[in-house]
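Structure record follows, encoded as structure tokens.
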Number of protein chains: 4
Amino acid sequence: MDQPTQRNSRRKEARPGEILDAALAIFGEKGYAAASIEDIAKRAGVTKGTPYLYFKNKEDLFKALIIASISPTVDGLTEYLKEAQSLPVALQLQGTLHFWKTNVLDTSRSIILKLMMAEASNFPEVARFYQSEVIEKITDQLAALITLGIERGEFRPINVESITHALLAPMIYAVLQKHCFQCHQHPAPEDWLPDSVQVLIRGLLIQPTINTNLPPQHC
Amino acid sequence: MDQPTQRNSRRKEARPGEILDAALAIFGEKGYAAASIEDIAKRAGVTKGTPYLYFKNKEDLFKALIIASISPTVDGLTEYLKEAQSLPVALQLQGTLHFWKTNVLDTSRSIILKLMMAEASNFPEVARFYQSEVIEKITDQLAALITLGIERGEFRPINVESITHALLAPMIYAVLQKHCFQCHQHPAPEDWLPDSVQVLIRGLLIQPTINTNLPPQHC
Amino acid sequence: MDQPTQRNSRRKEARPGEILDAALAIFGEKGYAAASIEDIAKRAGVTKGTPYLYFKNKEDLFKALIIASISPTVDGLTEYLKEAQSLPVALQLQGTLHFWKTNVLDTSRSIILKLMMAEASNFPEVARFYQSEVIEKITDQLAALITLGIERGEFRPINVESITHALLAPMIYAVLQKHCFQCHQHPAPEDWLPDSVQVLIRGLLIQPTINTNLPPQHC
Amino acid sequence: MDQPTQRNSRRKEARPGEILDAALAIFGEKGYAAASIEDIAKRAGVTKGTPYLYFKNKEDLFKALIIASISPTVDGLTEYLKEAQSLPVALQLQGTLHFWKTNVLDTSRSIILKLMMAEASNFPEVARFYQSEVIEKITDQLAALITLGIERGEFRPINVESITHALLAPMIYAVLQKHCFQCHQHPAPEDWLPDSVQVLIRGLLIQPTINTNLPPQHC
DNA sequence: AATGAATGAGCCTTCATTCAT
DNA sequence: GATGAATGAAGGCTCATTCAT
């Protein structure tokens, strides 16, 4: 992929990213404890000493990996919702799920979620950080949308927090299904996710029949 | 089940179970690789060598733990659905979620799900086994219910597989939320789960308005 | 040295001592940093994991080694001086040096002194501890003796602290000479130490000529 | 010695010396094994690779350090004694100790002695070299002085080798005290060293009473 | 059946050393 | 000359596993 300068060209700028990519793959596959730095290094095309030039130790590399995954996950969503403000809330919800699919689920970064869940009790501070920076931010956005939907008269008045989690559930589950039980599972997330969202939205709408014909390509 | 010398519960027959209980706690908390046999032994009130009298090695203990958790999880559900056959499908679905909450979520066994997800790629055969014995069995039951609901005219005709996963999502997510991000998260599963199911069911019903007044204590 | 029970007989009581003996040899020879736990283990006839059954880590083993060497070094001296109380102070001083020779210099433990000096700046707390428990206790005993000698009219009135160090110097130097530049050095400590003490004592005495004929076997 | 661009002292000729100075400090503080080349380089204001431009490897740097410290330590002493030849031997001895204090003890170079003692068994050839070039040369000078003192009738006839070491002992001990147990030790070498020498000399003199009034500022 | 001393493979981490720039 | 990215050997430490008691 690189211009043919030298085999092991010194490229300080690229290294941390390459190592983080490798760490994502290896940590994601094996979990924190079972992943060895040497495996990560090999995957990154370097030797076992090199990661320590960029990360203090294994834990530090792990934390850096989590942190690096956060803004791409969350920032884009905020932006999307700003642009979609004027749409019907039902459409915004579908768009949110679509954004999640495109920017998390279909991304190698999605495995971070599984990793965080597996390691939450081993790294409580990291877990708290991830929760406040990712989970809660998404939760807040969803809650705001639902509140808006109720205010605009699109949705029935209903407990906002509960529905927030009702919407979060398929997002999380889709990721876990992909990474944990993916092999030979026919209804892949892209198949069931749109239908599920539609059912949920229909359950929220005051006039459900109208919504049934929403253009499916939005999710 | 306890008859002689109940005081110190040091009867040989109890040992494997005690060790499995300890393994559930320690594996659940730390994950497979970070859990040490000695920790498990200590938690079980025995010493390092004892687990090896009952389990060939660490992997074997792990597999036994997964397998031991399977029938209590699934068998009861089948039974419940047999008894509930004559109820409206919507109610059966609510009952199914209620069963899940009572017999999995509120149980120490629920952590197995998190464990399986974390270790799926490290133990593919175990993961496959768990999937076919637990996930698919639940999926099949849900699919059958939804099909029945459509046949009976309770539910709109809709893709069954998709909705199956729409229902599975909150079940899985509730468990993970409890074990991974539990600390200080107000909307606990018992709060949002019933509402979510109700919204989903409303989204499925042909005549949604009727369902809104379902007795909430069913889930 | 052991009865022919088994090759690797389990003998928990003896192990810590054996490992400390090995640590004394290896640390003494190579210094703290250059000594490897595996070397120590091999010397003790065990494998590299075994030391960790008895000592938390390398530093802990090092500290235990220092501490274990302290009471044999100091306690006997106190006792000797109690018994020798009624002798002329000059004789007590000679006896003290003789005690040092017998119980420190001629002992494998003597290398601890060199070790402490080499590692003092790497283990400041240990150094402080050694200083207060060994060096200062010996210093105090010497100072008390000299004071007594002055009071009894045996010694000229002279700065006590200074002379304390004048007496300590050959004790320390003898040890270091033995361990650092020992190879092919003819005047071994046993040769020059008695003469040196005699000269020092003669320098202290009010009537030096008398002392010149002190029985040499006392030191 | 500094002529052009004195400001940043980055002249090539100065480098080896700067690195040796840094090596002296770092080796002296941590010992050979615990000192890292990078620490030394940093202290010298250069980077990791630079020492290798001037020294083949770590061991080579260490040896060069020892060798560089030798002539300043020994040469001056020979010179001093040549000039002092006509003085009473007792005064020459005091002068020798004074020279040691000024040119070794009060010098950063003094730490070499501690270093050599700590590393003697790790670098036997270096130790032998140091012994023959430093210790033995000083020993020889001292022995010659004492012999002279006896010949001149100043000193009692006594074993020369023994007394040589009796005089060497406080010189060595003073250095070690300074570098190993220096913190908060009140009788610093400058306090006890002159008194000690005086007592030793008094022990050597044929007519001790005369010597007691030697001017104390000579040592 | 249970213990726990001992083993040794494996992994994290450091650091002397090299070399392309 | 100087840099500093990269290497890889070495060593601290853990822990699954064994086995004599």
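Just so it is clear: chains get the letters A, B, ... in the order the sequence lines come, proteins before strands, and each one is counted from 1. All values below were derived from every heavy atom in this structure, side-chain atoms included, with hydrogens, water molecules and symmetry-related copies excluded.
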*What nucleic acid atoms does D/Leu53 come within less than 4.0 Å of, heavy atoms only: base, sugar-phosphate, or nothing?*
base
*asked:* If you assign each of C/Ile37 and B/Tyr32 to its closest nucleotide in DNA chain F, which residue comes earlier from the 5' end?
replied: C/Ile37
*For A/Phe55 and F/dA6, what is the distance between atoms CZ and P respectively, to the nearest whole Å?*
12 Å
*Counting side-chain heavy atoms from CB outward, which of F/dT7, F/dT3, F/dA9 is closest to A/Lys48?*
F/dA9
*Roughly how many Å is it from CD in A/Glu59 to P in E/dC11, rounded to a whole number?*
19 Å
*Between A/Tyr52 (OH) and F/dG8 (C1'), how many Å, whole number?*
14 Å
*State the CD1-NZ distance between D/Ile40 and D/Lys30, to the nearest 0.5 angstrom.*
9.5 Å
*Residue met sooner reading DNA chain F from 5', once B/Lys56 and B/Ala34 are mapped to nucleotides*: B/Ala34
*Nearest whole angstrom, please: distance from the C1' of F/dC15 to the CD1 of B/Ile40.*
12 Å
_Residue whose nearest DNA chain E nucleotide is more 5′ - B/Gly49 or D/Lys58_ = B/Gly49
_Both distances below 3.5 Å, Watson-Crick or wobble geometry, any strand: find the nucleotide opposite E/dC15._
F/dG8
*Close side-chain approach of B/Leu61 and B/Leu20, heavy atoms under 4.5 Å*: yes
*Starting at CD of A/Glu38 and ending at C1' of E/dA9, how long is that distance when rounded to a whole Å?*
14 Å
*Identify which nucleotide among F/dC13, F/dT7, E/dT17 has an atom closest to any side-chain atom of A/Thr47, counting heavy atoms from C-beta outward.*
F/dT7
*asked:* Donor-acceptor pair, distance only, cut-off 3.5 Å: does the side chain of C/Lys58 make one with the backbone of C/Tyr32?
replied: yes
*asked:* Does a side-chain N or O of D/Thr50 approach OP1 or OP2 of F/dG1 to a distance below 4.0 Å, or not?
replied: no
_Base-pairing assignment for F/dT21 (Watson-Crick or G-U wobble, both under 3.5 Å)_ = E/dA2
*Under the criterion side chain to side chain contact (heavy atoms under 4.5 Å, CB included), which of B/Glu119, B/Lys63, B/Glu59 is the partner of B/Val126?*
B/Lys63
*Once you round it to whole Å, what is the distance between C1' of E/dC12 and CG of A/Asp60?*
14 Å
*Nearest listed nucleotide, side chain of C/Ser36, among F/dG11, E/dA6, E/dA2*: F/dG11
*Describe the nucleic acid contact of B/Ala35 in one word from base, sugar-phosphate, nothing, applying a heavy-atom distance below 4.0 Å.*
sugar-phosphate
_If the threshold is 4.0 Å, N to carboxylate O, is there a salt bridge linking B/Glu125 and B/Arg128?_
no
*Provide, to the nearest angstrom, the distance between the CD atom belonging to A/Glu13 and the C1' atom belonging to F/dG4.*
12 Å
*Please report, rounded to the nearest Å, how far the C1' atom of F/dA20 is from the CZ atom of C/Arg15.*
13 Å
_Taking any heavy-atom pair under 4.0 Å as a contact, classify C/Tyr54: base, sugar-phosphate, or nothing._
sugar-phosphate
